[in-house]
Structure formats: C-alpha cells, structure tokens
Amino acid sequence: MSELTFRFVVPGDDYSRAGEASSTVKNRLKRLGIDPAAIRRVSIALYEGEINMVIHGGGGEVIVSVTPQRVDMVLEDHGKGIPDIALAMQEGYSTASDQARSLGFGAGMGLPNMKKYTDEIEVSSVVGQGTTVRMAVLL
Amino acid sequence: MESFFHSVKLNKELCVGCTNCVKRCPTGAIRVRDGKAFITKELCIDCGECISICPHHAKSAVVDSRDSARRFRYTIALPAPSLYAQFNNLRDQLPVLRGLYGLGFDEVYEVAKGAEMVSSLTDQYLREGKLTLPAISCACPVVVRLIRTRFPNLINHILPILPPVEVAARLAKRDFCAKMGCTPEEVGTVFLSPCPAKSTACRDPLGFDKSAVDLVVSIKDVYPTLLAAMKRPDLPEYGELCGKMGLGWGISGGEAASLTHENYLAADGIENIIRVLEDLEDEHITGVDFVELNACPGGCVGGILTVENPFMARAKMQRMQKNLAVTGYQPRGVEERLLLFDHPIQFCEVLSLDQDLATAMELLNRIDEVESRLFGMDCGACGAPSCRAMATDIVMGRASEDMCIYKLREGLAQQTDKEEVLV
C-alpha cells in the first residue's frame, strides 16, 4: 500500500458542513501516527480551502492522497474563478460577500493561510469556469 | 507515565451485554465481548458516561469508603465546591463545613480556597505572558486525559498549575502539621468528590508524581450522614468562609469568571468540550486566552457522584454566591513550585494503527474496504459502537465479520435462495 486516497464532496453555500473533509482527514491521519504538527498543517490548510469552496466556489470536490512521503490535496470547484491569483494570495484581500463577512469569514486570509501552512501550493483558475488548488504537506 | 489507571469498574454479574455504554462512550473505548462490556483502558478518559447510562447499574465508580480514613490518626476533609450545592435552603456553606466536623473530621479545608489561589496565579501568569495561549484549564481531569490521548497539538496549552484540590490538600496538610506538631503520615486528607475522574486524578496523577490527597470519597456516599450531622446542636465554629469566586468553580464558567482576564471561553458537557478541543486544534477558535472545559453538564455540579439535579444545584450555588463576599485567597508565603506541575504532561499515542506508516496505511485502507461491506446501520449489535469501529476491530483481528447480524441475515438469505434452487 503506497497511497491512500480520500474523496469528499463539498456542498456550496452550507457553512455548517464546511470542515467535514478536514476533520475527517485529520482523524484518519491520527490513526496513521503521522507527526501531529504535519496533521495540524494539513487540517488548517484544508479547512481554509473548504471554506473558500463554500464562499466563492459554489462547492466542489476534495481529493486527499497520502503516501509515506507526503499528503497531497486537490480542491476543485466550478465557481466563478479568480481573475488575479497574485492579488488573491495577498493577506487581507477579499471578495467575500457581506453574508460571509457577517459570519466571521472574509478576512482575506484563506489563500495566504493555505500557502503558509503547506510546503507546496499551486492555484489555477479560469474565470467563469472554476478554480483548482493543489497543495502538499511533506512528511 | 504510561499508566492507565481508571476509576470505573464492571460488575460482570449485573452486565447483560446490552450496548448502552458502548454507544454512549465518547472515545469508543467500550466493546461487548462474550456478553460483557469491556473497556480498553488506553482509550478511557474517566468521564463516567458509561456509569450514568447503564440501566443495570453494572458499572460503578471506584472511590474510597469513609471507613478507610480510620487508618489515619487525624483526618482533614476537603469539600469540593459542588458539595455545598447539594443541600436546601443554605445562605452559605457554613452549615456544611460545621457538619463535616460533626462527622469526625479534625480539620476542614475548602477546596474553593485552593481554587482562588489557582485563579490568582493563573491571572499572574497570563499578565506575565508565561502561558501558551489559549491556556486550557486542567481542573477537570477528563479534559487532561482527552488531550493527552487525542489532541497532541494542544498538550502544551494545558495550564501548568495544579488543580485546586491538589493545592488545597498540600496546604491543608502543611498547615495542620504545623499547628498540631504531627507528621504528614499521621494526617489523611479526604476529598469529597463529585466525580470518579477526580478519584483517578488523585490515584494516578498526570503532571506530578504523588497526590497529597489520600482518600477520595464520593459526595453521594457522604451525603446522608453529613445531612444528619449538620443538624447536630453541638457543632464547633468554623473560621473564615471562602468567597463567591472560589465557590463558582463548582459550576461551568465559574473558573473563567474568577479571572480578572476577560478574554475566555467556557464549555461543558463531554460532546461540547470535544468539539471545542477539535476547533481549538484546527484554529477555528482563535482570539481567546483562557479556555475552561468541564466534562459534566453544568460543570462539577453535574458530576455523577452528586445527588442534586445539576441545574438545581447550579441555582443553589448562584444563590449562595450572592450572599458571599469576594475573598480572593492568594498563595501568600507559599513556594510557587508547590502550586505547579512537576513535569509537563506527555502525549500518549493510542490512536495510531501501527508504528510503521506504510503498514498503518495498509490497515486503514483495509478498514475502509471492510466498512464498505458492512451496512452502515451503526446498530451496535456486534458489540462495537459503529460499523467503522467494527471494521477496525475486524482488521485488527479483534472481531470477525460474522458477528454482524446484517451480514448473518444476508448469508441466511443467500443460503435459502440456494436451497430453493436445489429444490
């Protein structure tokens, strides 16, 4: 067994369910005896990603693959896309709706935090078609 | 360090092998095997949920009997704040404290006073920036046991200051020995406890080597005789009462409210505190400096070794608090190290399926595979709390698929089909 894969569907616009994927992944990783600090980084980055998919992406799919060397996360949504990825990666920049802000989201820390907590990140997006974020935490 | 002593015992004769406790256990530590409910000791956190849910009273708390105090020349009662809330029509805790003398205790030292000293030192440490924030209270032993087995990233957030009962026991013994000129061995400290977790914490402490609490007696065991003793006319007087802050520790939110620091969070009930710990670990909860968690609903007044309804007890406690002054006991003239853990609490890896990552991955994959063959009913009839737990047990060689009644039914149906074909 060289790779384990977990798949999740993230529903759009349901804040109460955002975090299901990250919390399931966290609890699975704990059963693997992976370094707690690495688990924490995976869990935080994935949660930020899930929240983004709810707020901006209208939901999508999360695929997490684990090998003894690394945890890879692919988050794919079919939302409105990001016109300027460099700008979106800046701390404090946010296009979140008033509704999202009223729930305490939209601080402009989503993508920056995902970058901060992971070893590799690659964001690709087509406006009007959706966004794919690939992240990795090395073990 | 790797000890897993617990204060829950099973009376096998009373256990009928139902799955009430299995389903209720928040850490999935219980399995029914051969018709009896067994606890995996590495996973148990002493919350007492299984004791309170068992309809057959097969599970009980391991506490000391009052008689065991006879081996000491002198005894000191250490009443938990929650004890005071068990009685009706009290303006303050004075009748309870005098009643304890009536039971034959030579001295009575309020745990609430120890609590106020802990608050004072916690405040000081928060001011001086000595704590990893948010600091998580260690007064509820269940919280400490949860963190040490399930939340490795939070272990350095545990407040390194001893729980109030320990502070009270140490100071009570020291003061009494000084007053009477006796040795510590001659004096037995008896904690009147609302829960079995505190009994575990005294017998098998985490963070310090030996508890100064000699015996732990349950509030419900002492209640009838204490109630009678409180009515005696010849009781000695008691000195200064602990004020409202210390008493507040008996109810959820009381510990946090006793800090001058206002940026705190308090939660109670086992499911709720697990959720808070998950959210703290994932940094979904941020911006608080102090976290008070109590495993029992409503705080210690909800402990399973109490007699009064927890919500009524809370109301009574709040009524008493209104009549009490603010005392703010401080550990003056006490060496600071007497109030601190001897060593940091270590994380215990109990969840990992195998030490080797590749092997653990293989096992986890097989668990997913087996789980997909089960029916997802989480009925518990096999003796495991969920199909996921059952799948884990099967892969780890502790159970077999034919223990699933839905599997059995499926097998029977297939067999019947075959027989019909043969006919």
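Chain A is the first sequence line, chain B the second, and so forth, proteins listed ahead of strands; every chain is numbered from 1.
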A.B. asks: Based on non-hydrogen pairs under 4.5 Å, which of A/Val66, A/Ile44, A/Leu32 is most in contact with chain B?
C.D. replies: A/Leu32
A.B. asks: For the backbone of A/Ser43 and the side chain of B/Asp282, can you confirm whether one donor and one acceptor N or O come within less than 3.5 Å of each other?
C.D. replies: no
A.B. asks: Which region of B/Thr359, side chain (C-beta onward) or backbone (N, CA, C, O), has a non-hydrogen atom less than 4.5 Å from a non-hydrogen atom of chain A, or is it both or neither?
C.D. replies: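 Neither; nothing under 4.5 Å.
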A.B. asks: Can you tell me if A/Arg31 uses its side chain to pair, donor with acceptor, with the backbone of B/Leu351 under 3.5 Å?
C.D. replies: yes
A.B. asks: For A/Lys115, look at atom NZ and say whether over 12 heavy atoms of other residues, nucleotides or ligands are found less than 6.0 Å away.
C.D. replies: no
A.B. asks: If you count heavy-atom pairs under 4.5 Å with chain A, which of B/Glu278, B/Arg366, B/Arg150 comes out on top?
C.D. replies: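 Highest number of heavy-atom pairs under 4.5 Å: B/Glu278.
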A.B. asks: In this structure, are over 12 heavy atoms from other groups packed under 6.0 Å from B/Lys130 atom NZ?
C.D. replies: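 Result for NZ/B/Lys130: enclosed.
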A.B. asks: Counting only heavy atoms not in A/Glu91 (residues, nucleotides, ligands), do more than 12 fall under 6.0 Å from its CD?
C.D. replies: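 No, not enclosed.
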A.B. asks: May I ask you to check whether over 12 heavy atoms, not counting those of A/Arg7, lie within 6.0 Å of atom CZ?
C.D. replies: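 12 or below, so no.
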A.B. asks: Could you go step by step and tell me if B/Leu364 and A/Phe6 meet the side-chain contact (heavy atoms from CB on, under 4.5 Å) rule?
C.D. replies: CA-CA 11 Å; B/Leu364 193 58; A/Phe6 312 120; 4.0 Å; yes
A.B. asks: Hey, could you give me the CE/CD1 distance between B/Met361 and A/Ile34, rounded to the nearest 0.5 Å?
C.D. replies: 7.5 Å
A.B. asks: Under 4.0 Å between a Lys/Arg side-chain N and an Asp/Glu carboxylate O for A/Lys30 and B/Glu349?
C.D. replies: no
A.B. asks: Under 4.5 Å heavy-atom distance to chain B, tell me which part of A/Leu139 shows up: side chain, backbone, both or neither.
C.D. replies: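 Side chain only.
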A.B. asks: Charged N to carboxylate O below 4.0 Å: is that the case for B/Asp368 and A/Arg28?
C.D. replies: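 The answer is yes: the pair qualifies as a salt bridge.
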A.B. asks: To the nearest 0.5 Å, what is the distance between CG (B/Leu357) and CG (A/Asp35)?
C.D. replies: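 Here the rounded value is 11.0 Å.
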A.B. asks: Is it the case that over 12 heavy atoms from other parts of the model lie below 6.0 angstrom from the CZ atom of B/Arg275?
C.D. replies: no
A.B. asks: Do you know the tightest heavy-atom contact between A/Gly33 and B/Ser352?
C.D. replies: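 Here A/Gly33 and B/Ser352 meet closest at CA-CB, 3.6 Å.
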